[in-house]
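One structure is given below, encoded as structure tokens.
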Number of protein chains: 2
Amino acid sequence: MERPELGYLLTRLLRTAMAREEPILANAGLRMWDYAVLSALTENAAPTQAQLAAATGRDKTRLIGNLDQLERLGLVTREPDPADRRNRVVSLTAEGRRILERCRADIREMEDDLLRDVPPGDREAFERVLTRLVDPLD
Amino acid sequence: MERPELGYLLTRLLRTAMAREEPILANAGLRMWDYAVLSALTENAAPTQAQLAAATGRDKTRLIGNLDQLERLGLVTREPDPADRRNRVVSLTAEGRRILERCRADIREMEDDLLRDVPPGDREAFERVLTRLVDPLD
DNA sequence: TATTGTTATACTCTATAACTATA
DNA sequence: TATAGTTATAGAGTATAACAATA
């Protein structure tokens with residue numbers, strides 16, 4: 001039998017992972033993109049919305065709706081940058097960080113379950129390859 | 001640094017893979033879904049469109065547009081099943097198979113290039129895990 | 001004039017529910 | 001009546017371009 005294609009395998013696996021992730025996020029009142037945006041803010045606040053859009057691979061115009069809701073939920077703040085008042089600095093609130101960490105823990109648990117039958121060595125190689133293939137694209 | 005999440009990595013990698021795959025398919029006059037449908041027909045013709053829809057993870061109503069175009073391009077045929085004339089058997093034409101094989105070869109080449117810096121052992125483990133995680137979902 | 005964020009518009013994709021033809 | 005395929009409709013998601021505020 002021929003080896004299945006990467007695109008096929010990745011599509012299928014991502015579909016599964018997302019199906020398992022969705023209820024976790026919904027439980028926190030979030031959709032997939034909301035979570036991606038929160039995640040991008042973990043380390044540092046985003047100096048501009050355009051940069052945040054680029055970091056998440058989202059269009060800058062579509063990011064706006066997400067930020068509107070996240071702000072409404074009290075999970076992020078948008079504050080004008082005093083140095084250049086065209087920019088709006090987006091940051092996590094304490095509540096935003098709390099929600100984010102909770103989702104993270106639940107998702108990690110889900111992933112461990114998804115990978116439970118994979119031998120540790122294979123899992124390490126798997127994650128190593130994934131990381132390596134993704135990193136250079138930044 | 002914390003390990004990045006599966007969903008994040010898969011999304012990024014799939015995005016890259018698709019970006020590289022799109023021009024190959026466009027070169028053959030196909031879109032992503034057309035290719036997925038053709039691929040599903042490699043081994044056998046699909047006895048019903050509903051089964052083909054299920055096999056490709058596509059909605060049966062959305063499959064129709066794809067089949068319309070693939071038929072227009074002369075890549076597949078839809079023939080009423082004599083045993084039950086409600087069913088329409090979908091098969092590859094010779095031309096369909098030719099186009100499919102050409103795309104396949106190009107895509108395999110693209111994948112080899114994408115994975116060129118991955119050590120062979122890691123690559124094998126990577127594909128083994130992907131396959132294993134996807135298979136049980138059938 | 002150029003840039004950031006926003007809004008508006010049209011376009012595509014998707015989901016649901018009718019419709020037809022066969023059974 | 002039930003099912004396979006089709007069509008129609010509305011909704012969500014997306015891309016593009018215009019707009020307002022600031023530089």
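Proteins get letters first, then strands, A, B, ... in listed order; numbering begins at 1 in each.
Look at CG on B:Asp68: it is 11 Å from C1' on D:dG5, rounded to the nearest Å. Whole-Å rounding puts the A:Met18 CE to D:dG13 P distance at 11 Å. The distance between atom CG of B:Asn66 and atom C1' of C:dC13, rounded to the nearest whole Å, is 12 Å. In this structure, A:Asp59 places its CG atom 13 Å from P of C:dT6, rounding to the nearest Å. Rounded to a whole Å, the CD1 atom of B:Ile64 is 16 Å from the P atom of C:dC13. In this entry the distance linking CG of A:Leu63 with C1' of C:dG5 reads 10 Å, nearest Å. Here C:dG5 presents its C1' atom at 9 Å from CG of A:Asn87, a figure rounded to the nearest Å. Straight-line distance from the CZ atom of A:Arg15 to the C1' atom of C:dT14: 13 Å, rounded to whole Å.
In this structure, A:Glu109 places its CD atom where only 12 or fewer heavy-atom neighbours from other residues, nucleotides or ligands lie under 6.0 Å away.
Between B:Arg31 and C:dC13 there is a side-chain polar atom (N or O) within less than 4.0 angstrom of OP1 or OP2. Side-chain nitrogen and oxygen atoms of A:Gln51 include none within less than 4.0 Å of the OP1 or OP2 phosphate oxygen of C:dT4. B:Arg86 has no side-chain polar atom (N or O) that falls below the 4.0 Å cut-off from OP1 or OP2 of C:dT20. For D:dT22, the OP1/OP2 oxygens have a side-chain nitrogen or oxygen of A:Arg85 closer than 4.0 Å.
Ranked by how close their nearest DNA chain D nucleotide is to the 5' end, A:Ala83 and A:Arg62 are led by A:Arg62.
Looking only at distances, a side-chain donor or acceptor of B:Asp34 sits under 3.5 Å from a matching main-chain atom of B:Arg31. For the pair B:Thr93 (side chain) and B:Gly74 (backbone), a donor-acceptor distance under 3.5 Å is present.
Minimum heavy-atom separation, A:Leu38 to A:Leu100: O-CD2, 3.7 Å.
Linking ILVMFWY side-chain heavy atoms closer than 4.5 Å, directly or via other members, places A:Tyr8 and B:Leu6 in a single hydrophobic cluster.
In this structure, of C:dG5, D:dG5, D:dT14, it is D:dT14 that holds the atom nearest to the side chain of A:Arg58.
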